[in-house]
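As structure tokens, the structure follows; a few thoughts come after it.
Each ligand, and each atom within it, is numbered from 1 in the order the structure gives.
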Amino acid sequence: MNNRIYPAGTAILAPLAGHTDLPMRLSARRHGCRYAFTEMVDAGSLVFGNHKTMNLIKRDPSEDFLGIQLVGSEPEILKKAAEIINGLDFSVLDFNLGCPAPKVAKKGEGATFVVRRPDQAIEAFSILAEHSKIPVTAKMRILDENDPAPTVEFAKRLENAGAKTVTIHGRLMKMFYSGPVFHEIIKEVRKNLSIPVVANGGALSAALYRTLVTESGCENGMVARGALGNPWIFREIADPYAGPPTLEELAEEMQLHFYSIIDFYGEETALRISRKTILEYLRGRGFPGELRASVSFLNTVDAFKALMLEVRKGPSPRYWQTLEQNPAQERRLARRQPHPA
Ligand SMILES: Cc1cc2nc3c(=O)[nH]c(=O)nc-3n(C[C@H](O)[C@H](O)[C@H](O)COP(=O)(O)O)c2cc1C
């Protein structure tokens with residue numbers, strides 16, 4: 001297929017509100033992620049130059065490929081947003097048609113836009129496609145778990161409106177982020193569209209990523225929660241023999257990521273927002289509960305340094321005993337459970 005945005009076989013880092021900021025993307029990129037997105041950006045906030053939004057869309061010069069994702073519905077605002085984006089440095093413009101969050105649903109945007117006002121959603125997408133100078137793509141959810149027809153039909157309309165790629169999250173809007181991913185529906189979309197289809201949902205580990213792309217028949221998959229606290233998922237996807245991180249690698253990456261958050265946001269904000277990031281790194285890797293609990297009180301850089309001394313002592317001995325280790329990957333911090341969901 002010509003004009004593919006993503007070479008077949010590559011994994012893409014999904015937009016994740018509150019997570020895929022510049023420090024997280026750089027962390028993922030250190031471990032093999034090339035294709036990544038900003039978190040969703042409200043079209044109106046972009047047009048009105050909201051300060052926080054401007055921070056969300058900062059791109060590091062080292063970022064080779066970066067997509068921006070917009071959420072919105074007002075035609076005039078979307079047109080202006082596309083024009084602003086034309087003057088910025090992004091690789092693709094993705095339209096969010098899959099978000100089920102109440103604050104987005106309340107405005108009739110994201111997944112709600114597709115379900116309640118499909119014609120207007122296509123019209124909104126067409127406006128972006130018409131005014132954008134960079135390729136425009138869309139990310140949506142499946143619309144029925146038994147019958148592929150509604151999802152195929154809507155995705156086809158996006159293709160006809162100029163989408164260069166459609167990403168399908170194989171869950172229904174009402175499922176939010178839990179429950180099965182309906183690979184068969186994604187597969188039908190893949191079979192019926194001429195543009196590439198990216199599969200999404202449930203790629204919480206490299207093994208689950210392989211299941212997602214194999215079962216859906218897609219050449220590319222999008223990794224979302226599986227990348228939180230686990231940038232190594234990208235190297236594990238690219239190389240089935242690359243294992244999870246060693247303790248040394250984990251500690252090193254936690255430090256790099258933490259100081260990059262400080263550089264980006266300044267110390268005060270960074271200390272507050274880095275807690276969730278630190279917890280993600282520790283989750284499922286056998287670190288004592290007290291250590292994880294202490295992260296909530298982290299309020300100085302010195303406290304972070306003290307925490308790292310504890311992290312470097314490693315997980316509890318019981319973790320090593322309970323972990324099913326591949327002998328070739330001994331002493332690697334595989335997650336006992338990829339994600340609680
Ligand atoms: C905390 C969180 C924030 C998210 N933010 C966005 C977003 O900004 N834009 C978007 O299209 N999807 C967003 N998603 C959805 C993910 O991109 C992805 O579609 C979903 O998590 C399913 O993939 P997974 O099962 O591999 O996590 C978000 C999901 C979570 C859990």
Indicate yes or no: at least one non-hydrogen side-chain atom of E252 is less than 4.5 angstrom from one of E249. no
Side-chain heavy-atom pair L78, F125 within 4.5 angstrom cut-off: no
Identity and distance of the protein heavy atom lying nearest atom 12 (N) of ligand 1: K139 NZ, 3.0 Å
Going by the order shown, which atoms of ligand 1 are within less than 4.0 Å of some heavy atom of A14? 17 (O)
So, R190 and E219, do they make that salt bridge, N to O below 4.0 Å? yes
What residues join V104 in its hydrophobic cluster, counting side-chain heavy atom gaps under 4.5 Å, either direct or through other members? M40, V71
Tell me the protein heavy atom at minimum distance from atom 23 (O) of ligand 1, and give that distance in Å. N200 ND2, 3.3 Å
Between D21 and Y265, do the side chains contain a donor N or O and an acceptor N or O under 3.5 Å apart? yes
Test item, G201 contacting ligand 1 (heavy atom, 4.0 angstrom): yes
Under a 4.0 angstrom heavy-atom cut-off, which atoms of ligand 1 come close to A203? 26 (O)
Closest protein heavy atom (residue, atom, distance) for atom 8 (O) of ligand 1: M40 N, 3.1 Å
Just to verify, which of I12, I68, L13, T20 counts as forming a side-chain contact (heavy atoms from CB on, under 4.5 Å) with F37? I12
Considering only the protein, which heavy-atom contact is closest to atom 5 (N) of ligand 1, and what is its distance? A17 N, 2.7 Å
Residue, atom and distance of the protein heavy atom nearest atom 30 (C) of ligand 1 read L16 CD2, 3.6 Å
Using distance alone, determine whether Q69 and ligand 1 share an N or O pair under 3.5 Å. yes
Minimum-distance protein heavy atom relative to atom 27 (O) of ligand 1: R225 NE, 2.6 Å
Using a plain distance cutoff, I'd like to know if G202 has any nitrogen or oxygen under 3.5 Å from a nitrogen or oxygen of ligand 1. yes
Mutual orientation of the aromatic rings belonging to H31 and W232 [parallel < 30°, tilted 30-60°, perpendicular > 60°]: tilted
Yes or no: does G98 have any heavy atom under 4.0 Å from an atom of ligand 1? no
Closer than 4.0 angstrom, basic N to acidic O: yes or no for D42 and K107? yes
Any atom of ligand 1 sitting under 4.0 Å from a heavy atom of R171? yes
Closer than 4.0 angstrom, basic N to acidic O: yes or no for K164 and E159? no
Tell me the protein heavy atom at minimum distance from atom 6 (C) of ligand 1, and give that distance in Å. P15 O, 3.1 Å
